[in-house]
There are 2 protein chains.
Amino acid sequence: MAKKNPSSHMTNIDNISNIGNINTITKTQTQRRMTIADVAQLADVGTMTVSRALNHPEMVSDALRQRILEAVETLGYIPNRVAGGLASGSGNAICVIVPTLNHPVYVPFLEGLYDILPAAGYQILLGTSEYLLEGEEHLVETFLGWQPIGMILAGVDHSPRTRAMLAQANVPVVEIMDLTAQPIDINVGFSHEAVGQAVGQFLLERGYQQIAYVGNRLERDTRGMRRLNGFSAALEGAAACKLVVLNRDLSSSIQAGGVLLGELLETYPQTEVAFFVNDDLAAGALFECQRRGIRVPHDFAIVGFNDQEIAAQVNPSLTSVSTQRLQMGQRAAELLLARLRGETLLANPIDTGFQIVERQSTCQQRSRDQKPKPRRAKNLNTVNPNTVLKEQQTHET
Amino acid sequence: MAKKNPSSHMTNIDNISNIGNINTITKTQTQRRMTIADVAQLADVGTMTVSRALNHPEMVSDALRQRILEAVETLGYIPNRVAGGLASGSGNAICVIVPTLNHPVYVPFLEGLYDILPAAGYQILLGTSEYLLEGEEHLVETFLGWQPIGMILAGVDHSPRTRAMLAQANVPVVEIMDLTAQPIDINVGFSHEAVGQAVGQFLLERGYQQIAYVGNRLERDTRGMRRLNGFSAALEGAAACKLVVLNRDLSSSIQAGGVLLGELLETYPQTEVAFFVNDDLAAGALFECQRRGIRVPHDFAIVGFNDQEIAAQVNPSLTSVSTQRLQMGQRAAELLLARLRGETLLANPIDTGFQIVERQSTCQQRSRDQKPKPRRAKNLNTVNPNTVLKEQQTHET
DNA sequence: TAACTTTATGATAGCGCTATCATTCTTAAG
DNA sequence: CTTAAGAATGATAGCGCTATCATAAAGTTA
């Protein structure tokens, strides 16, 4: 086959752009933005009446409200919330800090927030700390300048200055995705130690002994670290059991999973099962196994974390730990709103729990010498991946 | 094996929370937030000097600046940007509207923005339109109330009212992810028609005739629709060629890909290749093929869109169309900043182009009766997935 | 030394809005 | 018919900051 020209494409922009001389800086008329005074004048009322008509309609007579709304329409007036916030002494910004957007885990959580907070009239300011405490500190400082009425932080580890600023700002704070005995204020999450413990227990019960924990940038990933602690604690009891930890500095992703698997098998070829810090890594490891002809779970078993969609969909499907991410976001938002309304929070550190979802990438009973046939993966997609019991039944064939 | 108790875990919250009577509403001292006046008083200067010391340090003598910074430190003063923005007449918010966070495509794009804009001192307000023009309209209205100095919108389709509001607000606008002949202002993206065209051409060249386009919520997905238009146009020329379109209302995801594949094969069993609206769907279809024992690409070929990481990592790897998402975000941010600085933009509709990345899920030359052996997928992960030519060489064996 | 810059600082007046209180106009009660 | 109570509206004074101009202090030139 002849070498093809590289399939790179650019539309002919000339054809598209030579429509007119748009796009130079021809924003001519610097028309003043409409203010509440303009509306008041047009409707022949005072500014306060306009303000009321928009914010407390019930306080204004029908006739005037009608006239005012017409004026608003005519002028295309949009209230300046910055000024409004300043005048009323309380803005409506809620600041949210997550480690990264790059990891699909934070997305459902954010969705939970975006479902609720904007609908309640609040504006979300989002920032990413890149897993750095200093990043978080800097964001908190910046965000506080926006006079937020609430803050939502992923994680319970914060620099002292972060804590100091939050304390002084006197703003409701929700810490999320993790559980701590000393929350700053509100705390919604689950215990990562407990996850590690449970998975360790789970693997022991299934007869695994040569066990690996595979992470990525664990120095920064305090939650991954905490799972490791629980994991390691669970395995400590078992005498025959050996735990190795592999940790590298790759940008966490599917491909990294493949790379890490390669390293793991080179360094510790006797490893029977690996618990990965997330499902992307686990999936990457699985794909690499497929390429190398390693049978999963027979030759090598895989456990992921987060129960992302990919875990349920690959073949063999991945055993993982499901967490209530959307729910965490929603609960965080609800609790914050409740606090803003001045309500007393009954239970505070809220444990949203987790579930080990057992799928095909781990054996139900590891038998050291026997060679069980790989399981058929047929019709898995008709099984609702959200129901643990069903999925477990699948394995009971 | 005995039925295990469902592996659901909750940490004992009582153990954790009964540390003290934190967490009732015990935010006692409603200490007034520090203002610039407090700093001025402590440093024994005027408020303007404080303002200058913080915003234009070079205008203040060393001695005073020193004293002021100390006072700031002592009081833990954080400037109120809301008030500052109001006073100076120009805020520093930049509003960004994307269809969803749920789709990994928008994440690298947002990263591009978050790389550049906050570093330049701007605050990003992010909103999701959920693929609805009314959603976008509502967000634009809300956002304009924050007196943004710039807006970045995904897509070039907007409701008339959205356009009107943007026009009246007189704010620089960047439309992104798509290309149009009539941009509102700045436009960075690529042509989805051209993508469809190119993929159609690509498949024809490889000898495919029974071709499907598989989408999800195409009514809303104007860009997917536009790719379909280009695709269909490209196939129109070929006489023997038949195009079927499958479109459902599922929440786009890997699982949906499997479902859609099932439907496609039931309804049009003779289909040879399907072009999916995104890689998640394509991957889901691939996994379903694996479960059904359908050989890809021999029995059925798959083309995805977006060149997400999963496309390169699954086995067989997926042919897809790569787009410059991170770059689009960065360019958008840069162009917006340039415009804010008052610079003239040379080229305006900027076409960031695209590339068809040929991988293992499509045959290089479809031979209707011959049965080529499935290709080995070995060592694919040593190939840099960002380099098209290398990947194509892989196929030239 | 007078006249003129230059540099550093402060006083003042808003930015666009809303909280508050005063005023007017109704309506009900005595 | 008077008075009290309520409902609707407006005038005013800030919210915390910065633009602007005025002022004071210091340096420069002839």
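By convention in this document, chain letters (A, B, ...) are assigned in the order of the sequence lines, proteins followed by strands, and residues within each chain are numbered from 1.
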Please table the atom pairs, donor to acceptor, closer than 3.5 Å between any side-chain atom in residues 46-53 of chain B and protein atoms at least two apart or in another chain.
none

N/O donor to acceptor pairs below 3.5 angstrom from side-chain atoms of residues 75-87 of chain A, sequence neighbours left out:
unit_1, atom_1, unit_2, atom_2, d
N80(A), OD1, V82(A), N, 2.8
N80(A), OD1, A83(A), N, 3.1

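Between L54(B) atom CG and dC17(D) atom C1' there is a gap of 11 Å when expressed in whole angstrom units. If you measure from atom CH2 of W146(A) to atom P of dG16(D), you get 17 Å, rounded to the nearest angstrom. The CD atom of Q147(A) sits 8 Å away from the P atom of dC17(D) (whole-angstrom rounding). Rounded to whole angstrom, the span from the CZ atom of R33(A) across to the P atom of dG16(C) amounts to 10 Å. Note: CG (L144(A)) to P (dC17(D)) measures 13 Å, nearest angstrom. Rounded to an integer number of Å, the gap from I78(B) CD1 to dC17(D) C1' is 16 Å. Rounding to whole angstrom units, CE of residue M34(A) and P of dC17(C) are separated by 12 Å. Rounded to a whole Å, the CD atom of Q41(B) is 14 Å from the P atom of dC17(D).
Side-chain proximity of N80(B) to dT18(D), dC17(C), dC17(D): nearest is dC17(D).
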Where protein sits on nucleotides 5-15 of chain C, one letter per nucleotide: B base, S sugar-phosphate only, - none, heavy atoms under 4.0 Å
---SBBB--BB
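Side chain to side chain, E130(A) and T128(A) meet the donor-acceptor criterion of an N or O pair below 3.5 Å.
Residues L125(A) and L126(B) fail the side-chain proximity criterion, which asks for heavy atoms closer than 4.5 Å. The closest side-chain heavy-atom distance from P148(B) to I94(B) is not below 4.5 Å. Counting heavy atoms from C-beta outward, F143(B) and I97(B) have side chains that approach closer than 4.5 Å.
If you check every strand for non-hydrogen atoms under 4.0 Å, G84(A) touches sugar and phosphate atoms only.
Here side-chain hydrogen bond (donor to acceptor under 3.5 Å, both in side chains) pairs that include residues 88-102 of chain B, with residues two or more places apart or in two chains, are E111(A)-N102(B).
H138(A) pairs by the side-chain hydrogen bond (donor to acceptor under 3.5 Å, both in side chains) definition with nothing, not counting sequence neighbours.
Using the six-membered ring where Trp is involved, W146(B) and W146(A) have ring planes that are tilted, between 30° and 60° apart.
Comparing the start and finish of the helix from dT1(C)-dA30(D) to dG30(C)-dC1(D), five pairs each, the helix axis swings through 40°, to the nearest 10 degrees.
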